[in-house]
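Here is the structure we will look at.
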Amino acid sequence: MSLFISSGEASGDHYTAALAKKLRAVGYDGEIWGMGGVEPREAGIDVCWPGERLQLLGLTEVLSAIPSILSLLSEMSGRIIERAPEAVVVCDSPDFHLHLIAKLRRRGYRGRIFYISPPSVWAWRGGRAEALRRYVDECLPLFKFEHEYLLSRGCKSKWMGHPLVEEFRKEAPGSAAADSLPDSEKMVAFLPGSRRNEIKKLLPIMRESAEALAGEGWLPVFSVAPGLNPAAHDDMISEFTRSGVRFYAGPGRDLMARARCAIGASGTITVESLILGCYMVVTYRLNPLSAFVARRVIKTRHYAMANILAGCDMFPELLQESATAENIAKSALAWLNGDEAFRGGIEETMERARRTLGGEGVYDFWSEEIMKGTGKC
């Protein structure tokens, strides 16, 4: 017997890798196979398809990859039907995974389907909630408000908390590689993302703003995300080494834990910065067509999850035309040079937002739900 587990992004890789380890720890002895990146491989998942194939950014990139994605969907669904795993667990990457699970159901798959970090139907494309209701046996969202929204739309959902809360408490950021970080009160972390396309758009702007901060006496250090495509990972390190840019190739959380401030791409990293209490300037750039579409369909006032949880402009959001080197440096300096009243107010807001992240034992909870689905618990 086996479990199929699939992730296509760095954050999803982290969750599925930790889940696989927990499943082994609680006694699942079948094969665990599927799609993923570096972390799932290291966790013992038999990675049959590299998750890097889904690391796309923006509408035009997705459109150009449609033939490849359709081929992948056909191949993957065929293999799943052939092997008939006891359960299918997908995480993130909704534009791929929703099509996959719909295809599986149409082709007669009757095993249980779990969706970790399901699509943000509360923010845009709310019609996808119907697909979750029809095809998914259990959604396992990361945030309480998502769970409540899914229930209101008739989806099966269970929630305990965000897994990173427990991870950060039990394993304080600071891997062996972190010893290479400078011991400086002036360090500012730059995190340009974990996808090649987003790095291509953000890195030049970040480097210019880093120069401005260095001119004010601060110490910029750039993150090279461990979950980045290996070729892009090596290219980034080579470029930084050649140009004399300080960088850190370990987990981004190590960098943020020591930094006075972070500048990062919008995504899971904003939640990590919130848990760590590290103020972040959030920035992002899409291609013009993708940005045009996003502005017309996304229903939330804020884009950064940390701000959504806080319900206010806790972290500056510099998106599209606002994502300039000058604006990034100005926003970072407003925090770095801010008075006690300003900083104290933000810290109180961060603490309030952290309390929305729920309790501990999330991986135990997920593994128990999935084991129930296989009839082994």
Side-chain angles (χ1 to χ4, degrees), residues 2-24 28 31-57 62 65 68-69 72-73 75-77 79-80 83 85 87-104 111-120 128 132 135-143 146 162-164 167 193-198 225-230 232-233 251-253 265 267-269 271-272 305 362-363 365-367 369-370 373:
S2 70
L3 286 176
F4 175 87
I5 296 182
S6 177
S7 57
E9 301 179 25
S11 57
D13 282 350
H14 182 74
Y15 302 140
T16 55
L19 172 64
K21 292 177 183 177
K22 182 61 66 174
L23 286 166
R24 291 300 190 203
Y28 184 78
E31 184 179 3
I32 302 177
W33 60 288
M35 179 170 70
V38 174
E39 279 198 84
R41 289 187 185 94
E42 293 176 347
I45 296 177
D46 180 13
V47 175
C48 304
W49 299 275
E52 292 87 357
R53 291 177 66 174
L54 299 187
Q55 290 183 5
L56 307 171
L57 176 68
V62 173
S68 173
I69 290 173
L72 180 59
L73 278 170
E75 179 184 347
M76 190 178 291
S77 61
R79 188 87 62 86
I80 293 170
R83 296 187 61 176
V88 165
V89 182
V90 299
C91 183
D92 282 338
S93 307
D95 288 323
F96 180 81
H97 285 140
L98 282 178
H99 287 290
L100 174 65
I101 60 181
K103 196 175 186 71
L104 289 175
R112 289 179 66 79
I113 294 179
F114 298 85
Y115 207 132
I116 294 171
S117 186
S120 304
R128 295 183 296 181
L132 294 175
Y135 303 130
V136 177
D137 293 288
E138 198 167 301
C139 293
L140 299 168
L142 304 181
F143 305 100
E146 291 183 310
H162 198 294
L164 292 182
E167 284 188 36
S194 58
R195 301 173 180 172
R196 183 191 291 267
N197 286 333
E198 66 187 357
L228 187 61
N229 173 286
H233 181 275
R253 64 183 67 172
T268 302
I269 199 73
V271 178
E272 294 191 1
M305 181 54 72
V362 176
Y363 290 124
F365 175 67
W366 288 356
S367 63
E369 292 300 309
I370 291 166

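Please read all numbers here as calculations on a predicted model, not as lab measurements. When a residue number appears, it is its place in the shown sequence, counting from 1.
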Q.
To the nearest 0.5 Å, what is the distance between CG on L104 and NE2 on H97?
A. 10.5 Å
Q.
Quick one: does any side-chain atom of Y115 pair with a main-chain N or O of D137 as donor and acceptor, under 3.5 Å?
A. no
(Q) Checking T16 now: which residues fulfil side-chain hydrogen bond (donor to acceptor under 3.5 Å, both in side chains) with it, not counting sequence neighbours? (A) S7
Q. Mind checking what makes side-chain contact (heavy atoms from CB on, under 4.5 Å) contact with R128, not counting sequence neighbours?
A. P94, D95, L98, P119, V121, W124, R125
**Q.** Shortest non-hydrogen contact from P226 toward H233
**A.** CA-CD2, 4.4 Å
Q) Mind checking whether L142 and P163 have side chains closer than 4.5 Å, heavy atoms only? A) yes
Q: Using ring pair (Phe, Tyr, Trp, His ring centres under 6.0 Å) as the criterion, list what pairs up with F96, not counting sequence neighbours.
A: none
**Q.** Contacts of type side-chain contact (heavy atoms from CB on, under 4.5 Å), residue A18, not counting sequence neighbours
**A.** Y363
Under 3.5 Å, which donor-acceptor pairs do the side chains of residues 31-43 form with other protein atoms, sequence neighbours left out?
| residue | atom | partner | partner atom | Å |
| --- | --- | --- | --- | --- |
| E31 | OE1 | R83 | NH2 | 2.5 |
| W33 | NE1 | S2 | OG | 2.9 |
| E39 | OE1 | H14 | ND1 | 3.1 |
| E39 | OE2 | H14 | ND1 | 3.2 |
| R41 | NH1 | G37 | O | 3.3 |

Q) Of all residues at least two apart in sequence or in a different chain, which pass the side-chain hydrogen bond (donor to acceptor under 3.5 Å, both in side chains) check with K21? A) none
Q: May I ask you to test the F365-L140 pair for a side-chain heavy-atom distance under 4.5 Å?
A: yes
Q. How long is the gap from CG on D13 to CD1 on I45, to the nearest 0.5 Å?
A. 8.5 Å
